[in-house]
Peer 1: 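So that we are looking at the same thing, I have put the structure below in structure tokens.
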There are 2 protein chains.
Amino acid sequence: MHNLILGYGSAVTDDLVLRRQVCFALYAASRALTDVYRPILDEFGLTYPQYLVLLVLWERPDDAPTVSELGAELRLDSGTLSPLLKRLEGAGLVVRRRSARDERRVEVGLTEQGRALRQQVDEVPLQIARATGLGITELVALRDTLTRVTDTIHRQKEQ
Amino acid sequence: MHNLILGYGSAVTDDLVLRRQVCFALYAASRALTDVYRPILDEFGLTYPQYLVLLVLWERPDDAPTVSELGAELRLDSGTLSPLLKRLEGAGLVVRRRSARDERRVEVGLTEQGRALRQQVDEVPLQIARATGLGITELVALRDTLTRVTDTIHRQKEQ
DNA sequence: CAAAATTAAGTTGTGCACAACTTATCGGGC
DNA sequence: GCCCGATAAGTTGTGCACAACTTAATTTTG
């Protein structure tokens, strides 16, 4: 009884059992939380990834980051962001404009409407945190563990 | 200094800051781990969700669960599973057959090839666990916390 | 037993993710 | 000033996820 997750590499062990795998737990929890977000964000006409983009923009309202800078924050590439930003622009929440000094870059800025939305979604993090059933201490610990895992993986990738 | 995550619900607080949100940490970690899986599973011609389906089938090789039973394990609906299973069948790893006693049901069974694949992916969980940089104790704790969150959310949903 | 409600799987449409590719612009070296 | 490699954003194609719907079989109920 202790090849949990790491196991000793035999096909007759339990390593390949779904419920034992931390990756499935992560995958399932991520989708479950997105399920909690969906009806809440739906009232604002947003998807979760769109909400994430707005979070970045709200952090620096006078900045108008480029598509690449947004991608670096969220770890998403232009293949994901380009159509997503087009939809946010269609909804009147952001504007995209070519940079004057570098015509390759596209700067993404908030519209008045996009800026105003911030106040309306103010209660969202609280609602989500409640749904997890965890206390603040556990949430912070979970967040930090997950961030450490993500950073470890990304650091390995760069080398 | 302590509206971390839960916060006190004001727009001028830090609740809406990306890096503070446990949900983003979860979303980012889930995608990062899938990134680790991708090149590994690619050698077997599998995606991560396809691998998850096989995990369920390998757990009970003589069972041939229905599409719904698979969906209950993985929390995926037929809209996701139907085309996925069609691809697994096209790859020669599973077979789908209408149940004799209930023509609505479709039973999903492993082919010889699908059964044989189990031995080949035996080392995968170990490789993944190593990539996280966490020890066994931390991995088990993380898994259990995440499972608790997922169960909490699903229990709330049913009521 | 027949109509109505339920259940199972599949289909359609939308929106991510991501790989691979294209197009346009930029910067450095000659 | 021109070529060349690098960079930025966008496009195309594939595969999830999931809502909403369709079709077919089964169960419930009057």
Side-chain angles (χ1 to χ4, degrees), chain A residues 23-24 27-39 41-42 45-54 64-72 74-91 94 96-108 154 157, chain B residues 23-24 27-39 41-42 45-54 64-72 74-91 94 96-108 154 157:
Chain A
C23 302
F24 176 71
Y27 164 79
S30 182
R31 284 193 301 129
L33 264 183
T34 306
D35 274 358
V36 179
Y37 270 108
R38 193 169 295 111
L41 292 180
D42 212 49
L46 294 174
T47 64
Y48 182 62
Q50 288 168 12
Y51 169 73
L52 290 179
V53 167
L54 291 178
T66 64
V67 174
S68 295
E69 285 164 354
L70 279 174
L74 301 171
R75 298 218 165 250
L76 293 170
D77 66 6
S78 68
T80 301
L81 286 175
S82 285
L84 187 156
L85 290 170
K86 204 181 287 183
R87 283 185 284 272
L88 278 182
E89 189 170 45
V94 308
R96 293 184 298 165
R97 49 177 179 277
R98 287 276 161 191
S99 163
R101 76 174 70 110
D102 186 342
E103 291 275 345
R104 291 172 304 179
R105 293 165 187 257
V106 167
E107 294 164 346
V108 182
H154 289 146
K157 205 153 207 186
Chain B
C23 301
F24 176 71
Y27 164 80
S30 181
R31 283 194 300 130
L33 263 183
T34 306
D35 275 358
V36 179
Y37 271 108
R38 193 168 296 110
L41 293 180
D42 212 46
L46 293 175
T47 65
Y48 181 62
Q50 288 168 11
Y51 169 73
L52 291 179
V53 167
L54 291 177
T66 65
V67 174
S68 294
E69 285 164 353
L70 279 174
L74 301 171
R75 298 220 163 245
L76 293 170
D77 66 6
S78 67
T80 301
L81 286 175
S82 285
L84 187 156
L85 291 169
K86 205 181 288 183
R87 283 185 284 271
L88 279 182
E89 190 170 45
V94 307
R96 292 185 298 164
R97 51 178 178 277
R98 286 276 161 190
S99 162
R101 74 173 72 113
D102 187 341
E103 291 274 344
R104 290 172 305 180
R105 292 164 188 257
V106 167
E107 294 165 345
V108 182
H154 289 146
K157 206 153 208 188

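To find a chain, count down the sequence lines: A is the first, B the second, and so on, and within it residues start at 1.
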Peer 1: Could you report the tightest heavy-atom contact between B:Gln50 and B:Leu88, atom names first, then the distance?
Peer 2: CB-CD2, 3.9 Å
Peer 1: In whole angstroms, how far is the P atom of C:dC18 from the CG atom of A:Leu76?
Peer 2: 7 Å
Peer 1: Main chain of A:His154, side chain of A:Arg75: is a donor-acceptor contact present, judged purely on distance under 3.5 Å?
Peer 2: no
Peer 1: Is it the case that the side chain of A:Arg96 and the backbone of A:Glu107 share a donor-acceptor pair, with hydrogens and angles ignored and the cut-off at 3.5 Å?
Peer 2: no
Peer 1: According to the interplanar angle, ranging from 0 to 90°, do the rings of A:Tyr27 and B:Tyr48 count as parallel (below 30°), tilted (30 to 60°) or perpendicular (above 60°)?
Peer 2: perpendicular
Peer 1: With distance as the sole test, does B:Asp77 use its side chain to make a donor-acceptor pair with the main-chain N or O of B:Thr80 at under 3.5 Å?
Peer 2: yes
Peer 1: Any side-chain heavy atom of A:Thr66 within less than 4.5 Å of one from A:Ser99?
Peer 2: no
Peer 1: Nearest whole Å is fine: how far is D:dA19 P from A:Tyr48 OH?
Peer 2: 17 Å
Peer 1: Expressed in angstrom and rounded to an integer, what is the separation of B:Arg31 atom CZ from C:dA19 atom P?
Peer 2: 11 Å
Peer 1: Quick one: B:Leu41 CG to C:dA19 P, roughly how many Å, whole number?
Peer 2: 14 Å
Peer 1: How many Å lie between CG on B:Asp35 and C1' on C:dA19, as a whole number?
Peer 2: 11 Å
Peer 1: Which is more 5' along DNA chain D, the nucleotide nearest B:Asp102 or the one nearest A:Ala32? Just name the residue.
Peer 2: A:Ala32
Peer 1: Can you give me the closest heavy-atom contact between B:Leu85 and B:Val94, atom names plus distance?
Peer 2: O-CG2, 4.0 Å
Peer 1: Give the angle between the helix axes at the two ends of the helix from C:dC1-D:dG30 to C:dC30-D:dG1, taking five base pairs at each end and rounding to 10°.
Peer 2: 10°
Peer 1: Round to the nearest Å and state the distance from A:Arg38 atom CZ to D:dA17 atom P.
Peer 2: 12 Å
Peer 1: Reading nucleotides 9-15 of chain D 5' to 3', which nucleotides get B (base under 4.0 Å from a protein heavy atom), which S (sugar-phosphate only), which -?
Peer 2: BBB---S
Peer 1: To the nearest 0.5 Å, tell me how far B:Ser78 OG sits from B:Leu84 CG.
Peer 2: 12.0 Å
